[in-house]
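Take a look at the structure below.
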Amino acid sequence: MNADRLSILYVEDNEMLRATIVEYLVEELSLPVTPVASAEAALAALAQAHYDVLLTDVSLPGRSGIELGRDALARYPDIHLIISTGHDVSGFVQNMPNTQCLPKPFDLDHIDAVLASVRQSIAERA
């Protein structure tokens, strides 16, 4: 795993927000990103490819980002989970390994800071 080149699975049902964040991650940070709109699509993507980071919104159609996060960490314990939400999920985040919160509303600097924290965690484990 290359901490400088994190592969990201991004789960966001808001199409405009998803496109904006993907554009930033790909064009500004040069990170490989796979965007999907639901937890079900994310689980299918996780089964097909390796991702270093699962960045997910909490409020999704069908299964929530919290449920997705639990499933992903159970199946892929090395993945880093970033939960994006305007709700208090501190209890969940504190009790799950490799998990951080990206509070909404956020700006792009917040994404950079959270990804820097993930990179540091990966580097410390290496």
Side-chain angles (χ1 to χ4, degrees):
M1 174 179 340
N2 181 349
D4 292 330
R5 188 109 167 103
L6 299 171
S7 59
I8 300 173
L9 178 58
Y10 179 45
V11 189
E12 172 60 63
D13 61 318
N14 179 308
E15 188 174 337
M16 185 179 296
L17 179 58
R18 186 173 64 242
T20 300
I21 299 303
V22 167
E23 180 179 347
Y24 176 73
L25 293 170
V26 170
E27 293 183 14
E28 297 297 322
L29 302 182
S30 300
L31 294 173
V33 179
T34 301
V36 296
S38 70
E40 293 76 17
L43 289 172
L46 285 167
Q48 298 296 315
H50 169 80
Y51 295 95
D52 301 310
V53 176
L54 171 59
L55 170 56
T56 183
D57 186 20
V58 168
S59 299
L60 298 169
R63 301 177 78 192
S64 75
I66 297 288
E67 293 169 312
L68 169 60
R70 277 193 190 106
D71 288 349
L73 286 166
R75 294 178 192 178
Y76 312 98
D78 290 336
I79 199 164
H80 287 261
L81 176 63
I82 301 171
I83 300 284
S84 177
T85 182
H87 304 285
D88 179 13
V89 293
S90 58
F92 174 77
V93 169
Q94 290 173 351
N95 292 316
M96 299 301 287
N98 302 333
T99 302
Q100 297 182 55
C101 183
L102 179 63
K104 283 186 175 179
F106 59 82
D107 60 30
L108 300 177
D109 289 339
H110 288 117
I111 293 174
D112 289 347
V114 170
L115 292 176
S117 176
V118 169
R119 283 186 187 98
Q120 180 178 352
S121 176
I122 291 169
E124 288 172 358
R125 269 198 265 156

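With sequence neighbours left out, the side chain to side chain donor-acceptor pair (under 3.5 Å) criterion links Ser38 to no other residue. Take Asp88 and apply the side chain to side chain donor-acceptor pair (under 3.5 Å) test, not counting sequence neighbours, and it matches Ser90. A search for salt bridge (charged side-chain N to carboxylate O under 4.0 Å, His left out) contacts involving Asp112 returns nothing, not counting sequence neighbours. Looking at residues two or more places apart in sequence or on another chain, you find a side-chain contact (heavy atoms from CB on, under 4.5 Å) between Ala45 and Leu9, Tyr51. Taking the side-chain contact (heavy atoms from CB on, under 4.5 Å) definition, one finds that Val114 meets it with Ile82, Gln100, Leu102, sequence neighbours left out. Asp107 meets the side-chain contact (heavy atoms from CB on, under 4.5 Å) test with Asp109, His110; sequence neighbours excluded. Remark: Glu124 pairs with Gln120 by the side chain to side chain donor-acceptor pair (under 3.5 Å) rule, at least two apart or across chains. In this structure, the side-chain contact (heavy atoms from CB on, under 4.5 Å) partners of Pro32, at least two apart in sequence or on a different chain, are Arg5, Ser7. Arg75 meets the salt bridge (charged side-chain N to carboxylate O under 4.0 Å, His left out) test with no other residue; sequence neighbours excluded.
Within the 4.5 Å cutoff, side-chain heavy atoms of Asn98 are placed close to those of Arg125. Under the 4.5 Å side-chain criterion, counting only non-hydrogen atoms from C-beta, Ser59 is in contact with His87. The shortest distance between side-chain heavy atoms of Ile83 and Met96 does not fall below 4.5 Å. Side chains of Ile122 and Leu6 form a contact here, defined as non-hydrogen atoms less than 4.5 Å apart. Proximity of Asp78 to Asp52: side-chain heavy atoms (C-beta onward) are nowhere separated by under 4.5 Å. Counting heavy atoms from C-beta outward, Tyr10 and Leu17 have side chains that approach closer than 4.5 Å.
The shortest non-hydrogen separation linking His80 to Val118 is CG-CG1, 3.7 Å. Across Leu68 and Ala42, no two heavy atoms sit closer than the pair CD2-CB, 3.8 Å. Of all the heavy atoms in Ser64 and Ala39, the pair that sits closest is O-CB, 4.4 Å.
Taken from CG in Leu46 to CD1 in Ile79, the straight-line distance is 5.0 Å, to the nearest 0.5 Å. The distance from atom CD of Glu15 to atom OG1 of Thr20, rounded to the nearest 0.5 Å, is 10.5 Å.
Sorted by first then second residue, the salt bridge (Lys or Arg N to Asp or Glu O under 4.0 Å) pairs that include residues 53-73, not counting sequence neighbours, are Asp57-Lys104, Arg63-Asp71. Applying the salt bridge (Lys or Arg N to Asp or Glu O under 4.0 Å) test to residues at least two apart or on different chains, none of the pairs has a partner in residues 39-48.
For the side chain to side chain contact (heavy atoms under 4.5 Å, CB included) criterion with Leu31, the lone passing option out of Leu115, Val22, Val53 is Leu115. For the side chain to side chain contact (heavy atoms under 4.5 Å, CB included) with Ile66, the lone residue among Leu60, Thr56, Thr85, Val58 that qualifies is Val58.
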Steps toward side chain to side chain contact (heavy atoms under 4.5 Å, CB included) verdict (Ile21, Leu108): CA-CA 8 Å; Ile21 299 303; Leu108 300 177; 4.0 Å; yes
